[in-house]
Amino acid sequence: MVNPFTLPGVNYYGRGALGSLGPELKNYKAKKVFLISDQGVASAGLVDRVAGEIEEAGAGVVRYLDVTPEPTVEELEQCLEKFRDHDCNLIIGLGGGSPLDVAKGVSVLATNGGSILDYVGLNLIPGKGVPKFLIPTTAGTGAEVTKNAIFTDTKEHLKKGVVSIHLLPEVAIVDSGLTYSVPPGVTAATGMDALTHAIESYTSPRANIQTDLYALKAIELIGASLRRAVSFGRDEKSREDMALGSVFAGISLANAGVGAVHACAYPIGGQFGTGHGETNALLLPYIMEYNMIGDLQKFANIARAMGEVTGKLSLREQAELACKSVFELSRDIGIPQKLSEFGIRKEDIPGLAEAAVKVTRLMDNNPKKLTLEEVEACLFKALD
Ligand SMILES: [Fe+2]
């Protein structure tokens, strides 16, 4: 089977990687840069730091700091309008998944026109966007290495996914030093999102020998370091592990896709306004229990990558240990354990399950075909 494998144009990583920004801006002959971020990242001092690097490289900078979590289609349009008001020839997305996704969206809409809703689905964007550099400040969504962007359609209360090679950045800069000020709750939620990317893509029907390498290493790094990164945010080693784990999980996700956890998280996020990372984190171990029999061997490998000792356990017991291990991690780092904590009630479940099975792009990419009844049963199990 022939598998395409995509990566950003160039990916700088490691503490101090931000130093690569100036030379790359010169490389791309940046004259004026449109810097997309949010208020949280700005108050952590990171917008000033990046703007300083841009100016030092001899380019002008226009700041757009109005991105909010889980950005809507309308917010993307507003940002695009601002971009059009200025004469910028390069876009930088700086922050968590939201500013990065908005940067991707603005980049392709600026050159292709239309609405982002015209491009929802796979490979529907006709041409290249404005050159974009993506710099994550969380670990992470992996948005800097994926060809996906997600926007909330407020009319349908649903998150819509755009997937295109044109969403990949020309340059990704992953500097773990930028993640030190991320608070414990966000570190936990984004770290579990990265773990979800690794586990779902590792067990995806589209997984292959290359994506497995990235996914298993990501699970190892996150399993070893997420607790420490949440507990003691200034720990260099665990922040570095998490930054790399997030990138590796993102690369695996970009090439093998994710499955039912993300499919179920979309309608929950859309209807209840819950964060992407936290919603995935809550659902992950519950859905793993349903998926496990789809590939016992791979789930057993996940248990080992998480650092569990599988010894003389049967294959099934090893796979069960993977689910237990993820439940324990999620509890230890303070992830909500029940959907009722999001304000979801019993009567909401059938509608949510129905909406989730309609996300066929992801449901078809799950290691086990889940029926509507199974999705419902799983969500009820996670309810209270
Ligand atoms: Fe995700």
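Residue numbers run from 1 in the order of the sequence given. We count ligands from 1, going down the list as the structure has it; atoms in each ligand are counted the same way.
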* Among all residues two or more places apart in sequence or in another chain, which pass the side chain to side chain donor-acceptor pair (under 3.5 Å) test with Ser176? -> Glu240
* Asked: Near the Fe ion (ligand 1), meaning under 2.8 Å, how many protein N/O/S atoms are there?
  -> 4
* To do: Indicate yes or no: does Asp241 engage Lys237 in a salt bridge with an N to O separation below 4.0 Å.
  => yes
* In terms of the angle between their ring planes, are Phe5 and Tyr214 parallel, tilted or perpendicular, with boundaries placed at 30° and 60°? -> parallel
* To do: Report yes or no: is the cationic atom of Lys368 (NZ for Lys, CZ for Arg) under 6.0 Å from the centre of the six-membered ring of Tyr290, at an angle within 45° of the ring normal?
  => no
* Asked: Can you name the ring pair (Phe, Tyr, Trp, His ring centres under 6.0 Å) partners of Phe34, sequence neighbours left out?
  -> Phe83
* Structure fact -> Arg345 meets the salt bridge (charged side-chain N to carboxylate O under 4.0 Å, His left out) criterion, sequence neighbours left out, with Glu347, Asp348
